[in-house]
Structures are given as C-alpha cells and as structure tokens.
Number of protein chains: 2
Amino acid sequence: MSTSPPNTRTKILQATLDLLFADPPSKTRMSDVATQAGVSRQAVYLHFENRTDLLIAATHFLDETLDTKARLAASRNARSGLERLQAFVAAWGGYIPEIYKIATVLISLSKTDKAAATAWENRMQDMREGCAAAIDALNADGTLSPSFSPDDATDLLWTMLSVSNWEHSTRACGWDQEKYLTVLTLATRTLFYSEPSKLP
Amino acid sequence: MSTSPPNTRTKILQATLDLLFADPPSKTRMSDVATQAGVSRQAVYLHFENRTDLLIAATHFLDETLDTKARLAASRNARSGLERLQAFVAAWGGYIPEIYKIATVLISLSKTDKAAATAWENRMQDMREGCAAAIDALNADGTLSPSFSPDDATDLLWTMLSVSNWEHSTRACGWDQEKYLTVLTLATRTLFYSEPSKLP
DNA sequence: ACCCAACTTTACACTGTGTAAAGTTGACAA
DNA sequence: TTGTCAACTTTACACAGTGTAAAGTTGGGT
C-alpha cells in the first residue's frame with residue numbers, strides 16, 4: 001500500500017541489503033551502509049544500536065519483501081507425506097539462495113556476538129519445525145523409513161538442508177541450483193521414504 | 001626422535017594449539033599466542049608473516065602430531081566397497097573433532113584471506129579424494145546405488161562429511177560423537193550402497 | 001674482545017566499531 | 001514571526017587488534 005517517501009530507517013535497511021547482495025560483492029561496514037543510504041555514519045547509529053542490530057533488522061526486512069512465511073507454508077498443502085517432504089525441500093532449498101548472503105554474515109557474527117547467535121538460532125529452529133512436519137507427515141502415512149526415528153530423521157534432514165550444505169554444494173561441488181535441488185530431493189527421498197508395506 | 005629443547009618456532013605453534021583447544025575457549029590474538037609461548041609479540045612476527053600464516057603452520061603442526069595421513073589411509077585396507085566406505089566415514093568422522101577448532105578459525109579467515117582459503121581448500125580436496133576412493137570401491141564392487149553417478153555420489157558424500165555438518169550435528173542437534181558416527185554410517189550406507197544384483 | 005642472530009622493547013600507523021557532543025535544518029505551532 | 005523540537009550532520013575521540021619499524025639486549029661461538 002505504501003509508496004510513501006522512504007524514511008531514513010528504511011533507506012538504511014535497503015542500503016544494507018543492496019550492499020549485501022551486490023555483485024561484485026562489497027564490504028558492509030557501517031560507513032559503507034551510510035554512504036549507500038545517503039546519510040551520515042552517525043545516522044545509522046541513531047537507528048540501530050550496533051552492526052549486529054542493523055543486520056538482524058535487515059534480515060527481518062528481507063523476510064517481509066520475500067514473503068518468507070507464505071512460501072514455506074506451501075508445503076502444508078501436500079496430500080501425501082512424500083509430497084510434503086519434497087515440497088519442503090523445494091521450498092526451503094529455493095529460499096536459501098535468496099537469504100544466503102545475509103545468513104553468512106549473521107552466522108559469522110554469531111561466533112562472537114550473542115545477539116546474532118540467538119537471531120540465527122531462532123530462524124533455524126523455525127526451519128527445523130518445517131523438517132519435523134515433513135517427517136511427521138511421512139510417519140503418519142507409514143512411509144517413514146524404519147531406519148530412523150522421527151527425531152533422528154528430523155535432525156538429519158535439518159542438517160542436510162543447512163545453509164552451509166547449500167554453500168558447499170554450490171561452491172565446492174560446483175552444482176547449480178537445479179542440480180542442488182535434484183540431488184537433495186533424491187537423497188532425502190532415498191533416506192527417509194520407504195514404500196508402504198502391503199500388510200495392514 | 002627429537003626431545004631437544006623446543007625452539008621458539010615450535011613453542012609458538014604449540015602455544016597456538018594450546019589456546020585454540022583450551023577449555024574454556026580463549027582468544028587467539030597474536031599477543032595471546034606470544035604470552036602463552038613466553039615470548040614477545042614481535043617474536044611471533046619474526047617467525048610468521050601474519051596471523052593467517054601462523055594458523056596455517058599450526059594446522060600442519062597439528063597434522064604431524066595426529067599422524068593424519070596414516071589414520072585416513074587405514075580405510076584403504078578394507079576388503080569390500082561397503083567396508084571401505086564405512087571405514088572412511090569412521091576415520092574422517094573421528095578425525096573432525098580433533099581438528100574442529102582450528103578448522104573453524106581457518107574457515108572464518110577464508111572469507112577475507114586468500115591464503116587461508118587456499119589452505120583450507122587444499123585440505124578439502126584431499127578429503128574429497130578419500131570420498132572418491134570409497135565411492136569408486138563401491139562402484140568397482142557393483143554395489144554403488146544406481147541413483148547416483150560416481151561423481152555425484154562423491155560430491156554428496158563429501159558434503160555430508162563436511163566439518164560444518166559435524167558442527168551442526170553435534171551442536172544444533174545435540175548429538176554426541178557416537179551418535180554422529182552411527183547416524184552418518186547408516187545414512188551414507190542407505191544413500192550409496194545397494195545390494196549386488198543376482199544377475200552377472 | 002668481538003660479532004651475530006635471536007630476541008625484546010618501545011613506539012607508531014592503520015582499520016573499523018562505537019561514543020560524545022556541538023552544530024544545522026526544516027516543519028510545525030503559538 | 002519567532003521559537004522549538006526532532007532528525008540529521010559534523011567533528012572528534014577512545015579502543016581493540018594487526019602489522020611495521022627500529023633501536024636495544026644477550027648469550028654462544030670464534
């Protein structure tokens with residue numbers, strides 16, 4: 001609804017994302033953000049306590065523009081457990097590239113900054129719930145592989161869909177996004193799905 | 001053979017490892033290392049160009065004391081492809097906790113430091129060869145799952161055995177080392193091994 | 001007695017974060 | 001019209017950590 005003049009706070013958040021997703025990659029120092037936003041460095045500190053605070057706010061800001069929740073909720077419409085698993089892998093796997101850059105910064109801040117660590121942990125816990133829901137759906141269908149308990153399957157799926165795995169797949173392995181999705185869909189299916197037995 | 005008086009270089013490297021693996025965790029600034037080694041901060045710069053150089057040297061130093069090569073070579077004695085896969089998972093999986101701390105530092109330096117990135121990449125490429133050898137052994141036995149090409153299987157195994165996956169498993173998932181090994185052994189077996197067909 | 005290499009001491013440049021405080025400006029109100 | 005207030009700018013500085021520079025010190029070998 002609102003195409004009103006962007007206030008300074010919004011300009012700063014947008015500038016942060018612009019820099020974070022810039023190609024070629026650029027630094028995201030407080031002064032870079034300020035320059036990009038066309039305000040003074042001090043103005044940034046007027047709106048955000050510190051760099052971590054800014055980056056966490058930028059993450060939320062990005063969520064809004066990406067309509068994160070809606071996209072991840074799509075897998076809830078699947079009819080079977082397997083469908084739901086695959087829809088979740090596709091949704092989350094497709095989402096990662098769009099948050100990758102800021103996720104990386106947040107993760108690396110997490111090592112020294114409690115607030116960043118908590119912010120990232122919360123997102124990862126949300127994501128784990130998606131994993132749990134997919135595994136539970138398989139389990140309800142009776143098509144969860146007997147090799148894994150629901151909890152272990154959830155954790156393993158959670159691990160396999162981590163941002164760092166996506167990074168490794170697309171950087172170190174050199175897979176493109178399509179290949180990543182193909183392989184992960186197949187791998188998770190192989191790991192967690194087993195044909196329903198004929199017996200009741 | 002040599003229990004000769006440790007020279008300064010060795011004292012510095014040992015001090016670096018002491019700090020890196022200290023519990024509770026401690027900082028590893030150049031001054032911390034110097035203090036721990038009982039030398040001046042400048043002495044550290046006399047032996048190592050910069051912090052990255054020091055940490056890479058410490059990694060090699062750790063390799064020597066851990067006899068890395070020998071441990072990872074053990075899987076070469078396995079008789080079947082499956083045995084070899086499982087031996088490799090066990091060997092590498094058991095190795096990760098011992099290099100985890102320094103690996104983390106090297107990885108985080110990699111983001112800004114070309115030398116650190118190269119050093120870590122080299123190690124990961126060595127590790128990938130172990131993955132490839134295990135997958136090739138399966139393939140030679142005719143027990144590699146037809147779902148994956150040898151290359152894809154190698155990359156996927158490589159990804160699953162990454163340090164960050166170990167970190168996620170033992171931190172976020174809260175698995176202990178034994179559970180990590182159990183789950184990964186089972187998961188890699190499920191993914192990559194298939195019963196030999198009866199037909200020739 | 002001298003020298004040299006290895007080390008220490010002191011001091012400083014540089015980057016980036018964060019704090020402090022005084023100045024500017026433009027909108028809105030009395 | 002003047003005043004005031006919030007948002008912003010400008011300038012300046014403290015602090016941590018890396019890395020450089022250069023002048024001491026010291027102890028073993030010749």
Side-chain angles (χ1 to χ4, degrees), chain A residues 2 4-16 18-20 22 25-59 101-102 104-117 119, chain B residues 2 4-16 18-20 22 25-59 101-102 104-117 119:
Chain A
S2 65
S4 45
N7 58 30
T8 302
R9 188 189 153 88
T10 306
K11 280 198 300 186
I12 293 170
L13 289 172
Q14 189 57 57
T16 306
D18 288 349
L19 289 177
L20 242 20
S26 53
K27 301 259 179 186
T28 321
R29 294 164 298 197
M30 296 302 261
S31 53
D32 298 319
V33 170
T35 305
Q36 175 75 19
V39 299
S40 68
R41 190 169 70 92
Q42 293 325 298
V44 180
Y45 282 101
L46 234 47
H47 291 273
F48 305 94
E49 278 197 5
N50 50 44
R51 190 161 178 268
T52 299
D53 191 42
L54 167 63
L55 288 163
I56 291 173
T59 308
K101 297 271 183 107
I102 197 161
T104 298
V105 177
L106 226 49
I107 290 169
S108 89
L109 277 178
S110 293
K111 274 149 205 158
T112 54
D113 190 307
K114 189 71 190 158
Chain B
S2 66
S4 46
N7 59 32
T8 301
R9 187 189 153 89
T10 306
K11 279 198 300 187
I12 292 170
L13 289 172
Q14 189 57 57
T16 306
D18 288 349
L19 289 177
L20 242 19
S26 53
K27 301 259 179 185
T28 322
R29 294 162 299 197
M30 295 304 260
S31 52
D32 298 319
V33 170
T35 305
Q36 176 73 20
V39 299
S40 68
R41 191 169 69 93
Q42 292 325 297
V44 180
Y45 283 102
L46 233 48
H47 290 274
F48 306 94
E49 277 197 7
N50 50 44
R51 189 161 179 268
T52 299
D53 191 42
L54 167 63
L55 288 163
I56 292 173
T59 307
K101 298 271 183 103
I102 198 161
T104 298
V105 177
L106 226 47
I107 289 169
S108 90
L109 277 178
S110 292
K111 275 149 205 157
T112 53
D113 190 307
K114 189 69 190 157

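The model shown is predicted, which means the values in this text are computed figures rather than measured ones. Order of the sequence lines sets the chain letters (A, B, ...), proteins ahead of strands, with each chain counted from 1. All heavy atoms count here, side chains included; hydrogens, waters and symmetry mates do not.
At C:dC7, one or more side-chain N or O atoms of B:His47 fall inside 4.0 Å of OP1 or OP2 (strictly under the cut-off).
Nearest nucleotide to the B:Thr8 side chain, out of D:dT10, D:dT18, C:dC7: C:dC7. Comparing D:dT18, C:dG18, D:dT9 by their closest approach to the side chain of A:Tyr45 singles out C:dG18. Of the candidate nucleotides D:dG19, C:dT17, D:dA16, D:dA16 has the atom lying nearest to any side-chain atom of B:Arg29.
A donor-acceptor contact under 3.5 Å links the side chain of B:Arg41 to the base of D:dG19. Side-chain atoms of A:Gln42 stay outside donor-acceptor range of the base of D:dT10, with no qualifying N/O pair under 3.5 Å.
In terms of modelled atom types and a separation under 3.5 Å, the side chain of B:Ser26 and the main chain of B:Leu19 share a donor-acceptor contact.
For the pairing with B:His47, the side-chain contact (heavy atoms from CB on, under 4.5 Å) check across B:Thr10, B:Asp53, B:Ile12 returns one residue only, B:Ile12.
The line from NZ of A:Lys114 to CG of A:Leu109 is 14.0 Å long, rounded to the nearest 0.5 Å.
Around the CD atom of B:Gln42, the shell of radius 6.0 Å holds more than 12 heavy atoms that belong to other residues, nucleotides or ligands.
Between B:Leu109 atom CG and D:dG19 atom C1' the separation is 15 Å, expressed in whole Å. Between the C1' atom of D:dT18 and the NZ atom of B:Lys27 lies a distance of 14 Å, rounded to the nearest Å. What separates CE of A:Met30 from P of D:dC15 is a distance of 20 Å, to the nearest Å. The distance from atom CG of A:Asn7 to atom P of D:dA6 is 17 Å, rounded to the nearest whole Å. Regarding A:Asn50, its CG atom lies at a distance of 22 Å from the P atom of D:dA14, rounded to whole Å. B:Asp113 has its CG atom 16 Å from the C1' atom of C:dT15, to the nearest Å. Remark: C1' of D:dT18 and CG of B:Leu54 are 13 Å apart, rounded to the nearest angstrom.
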